[in-house]
Amino acid sequence: MPAVSDSVQRHLVGAMYVEHQSWLQGWLRRKLGNAFDAADLTHDTFVRVLSRDDAPNIREPRAFLGIIAHGLMVNLLRRRSLEAAYLEALACHGEAASPSPEERALVVDALVQIDALLDGLPAKVRRAFLLLQLEGLTHAEIAAQLGVSVSSVRQYIARAMQNCLLLR
């Protein structure tokens, strides 16, 4: 199907918004238990839909909106979980390790990116990378823990590092 004009796209998404916004916001409010987050994610969902070119092809709008909103909700909850873990780690180090709000936001953004990178890796690759980076284990020690050969560990680390470079 040929691309639709911007005005037609906006009209189609506008009609979808009028028809389904209330339902989507209610659905998100029930899932999140928070009307403010539900309103934000509803808005973000429609912004995502507006940025797509396939509005005329959407046959099941609620299912479509639900999938987008669910992904945004998972990202929000994951980010909050990472931020809480980071703040908890900071609290253990006392007042001396208290970064500014801007620094905290940058660190949380970096943690979210790292989390996304690690989440996309197979379990053994992720584990090998974390054992090397966080625990400082040698390739042989990692191989013993994972029950694989040292050459497999080298391949795992190379794959993880390649993913890190793609993240940049």
Side-chain angles (χ1 to χ4, degrees), residues 3 24 27-34 36-55 57-58 60 62-168:
L24 182 62
W27 181 78
L28 285 165
R29 188 177 54 253
R30 285 186 301 280
K31 294 275 187 192
L32 294 166
N34 180 323
F36 298 109
D37 288 339
D40 285 346
L41 288 182
T42 298
H43 173 266
D44 292 349
T45 299
F46 281 99
V47 167
R48 289 268 175 104
V49 173
L50 195 55
S51 70
R52 298 174 60 106
D53 292 331
D54 59 355
N57 300 326
I58 299 170
E60 298 292 334
R62 286 191 176 186
F64 182 76
L65 293 169
I67 289 169
I68 293 172
H70 183 265
L72 292 171
M73 180 177 58
V74 167
N75 290 345
L76 173 70
L77 296 175
R78 178 176 253 160
R79 179 182 181 85
R80 286 193 177 154
S81 174
L82 286 169
E83 186 171 14
Y86 172 62
L87 292 175
E88 186 178 313
L90 281 179
C92 292
H93 290 91
E95 196 65 31
S98 183
S100 70
E102 295 84 11
E103 291 170 319
R104 280 198 316 244
L106 290 172
V107 169
V108 170
D109 285 343
L111 289 171
V112 167
Q113 288 182 340
I114 293 166
D115 181 60
L117 166 108
L118 294 174
D119 190 48
L121 294 173
K124 283 189 178 182
V125 173
R126 179 176 50 248
R127 184 80 180 130
F129 181 74
L130 291 173
L131 288 170
L132 177 73
Q133 297 298 322
L134 300 179
E135 304 292 329
L137 299 183
T138 67
H139 289 182
E141 292 168 329
I142 295 168
Q145 278 206 18
L146 297 179
V148 298
S149 68
V150 172
S151 66
S152 290
V153 169
R154 285 191 186 106
Q155 290 173 3
Y156 295 162
I157 301 300
R159 181 169 178 190
M161 295 302 272
Q162 186 177 26
N163 269 22
C164 288
L165 292 174
L166 294 175
L167 181 67
R168 297 175 125 197

S.K.: Do Y86 and P99 make a side-chain contact, defined as non-hydrogen atoms from C-beta onward lying under 4.5 Å apart?
M.R.: yes
S.K.: CG/L118 to CZ/R127 distance, rounded to the nearest 0.5 angstrom?
M.R.: 12.0 Å
S.K.: Mark yes or no for whether S152, through its side chain, and V148, through its backbone, hold a donor-acceptor pair below 3.5 Å.
M.R.: no
S.K.: How far does CZ of R62 sit from CG of L24, to the nearest 0.5 angstrom?
M.R.: 9.5 Å
S.K.: What residue pairs, at least two apart or across chains, pass salt bridge (Lys or Arg N to Asp or Glu O under 4.0 Å) with a residue in residues 133-155?
M.R.: none
S.K.: Does the side chain of Q113 reach to within under 4.5 Å of the side chain of L117, using non-hydrogen atoms?
M.R.: no
S.K.: Is there a donor-acceptor contact under 3.5 Å from the side chain of T45 to the main chain of L41?
M.R.: yes
S.K.: Could you report the tightest heavy-atom contact between V49 and I58, atom names first, then the distance?
M.R.: CG1-CD1, 4.5 Å
S.K.: CG of L82 to CG of L77: how many Å apart, nearest 0.5 Å?
M.R.: 11.0 Å
S.K.: What are the two closest non-hydrogen atoms of L121 and A160, and how far apart are they?
M.R.: CD1-CB, 4.0 Å
S.K.: Holding to side-chain hydrogen bond (donor to acceptor under 3.5 Å, both in side chains), I want the full list of residues that pass it with R48, two or more places apart in sequence or in another chain.
M.R.: none
S.K.: Can you give me the closest heavy-atom contact between A38 and L32, atom names plus distance?
M.R.: N-CD1, 4.0 Å
S.K.: Looking only at heavy atoms, which two atoms of V125 and Y156 are closest? And how far apart?
M.R.: CG1-O, 3.3 Å
S.K.: Where do I142 and A128 come nearest, in terms of heavy atoms and distance?
M.R.: CD1-O, 3.7 Å
S.K.: CG/D44 to CG/N75 distance, rounded to the nearest 0.5 angstrom?
M.R.: 10.5 Å
S.K.: Just how far is it from atom CG of L134 to atom CZ of F129, taken to the nearest 0.5 Å?
M.R.: 8.0 Å
S.K.: Is it true that a side-chain atom of R29 and a backbone atom of N34 form a donor plus acceptor pair closer than 3.5 Å?
M.R.: no
S.K.: Heavy atoms only: give me the nearest G66-W27 pair and the separation to one decimal.
M.R.: O-CH2, 3.8 Å
S.K.: How about NE2 on H70, more than 12 heavy atoms from neighbouring residues, nucleotides or ligands closer than 6.0 Å, or not?
M.R.: no
S.K.: Between V112 and R78, is there a side-chain heavy-atom distance shorter than 4.5 Å?
M.R.: no
S.K.: Is the shortest heavy-atom distance from the side chain of H139 to the side chain of S151 under 4.5 Å?
M.R.: no
S.K.: First locate atom CZ of R104, then atom CG of L111, and finally report the distance between them rounded to the nearest 0.5 Å.
M.R.: 13.0 Å
S.K.: Which residue, R30, R80, K31, R79, forms the salt bridge (Lys or Arg N to Asp or Glu O under 4.0 Å) with D37?
M.R.: R80
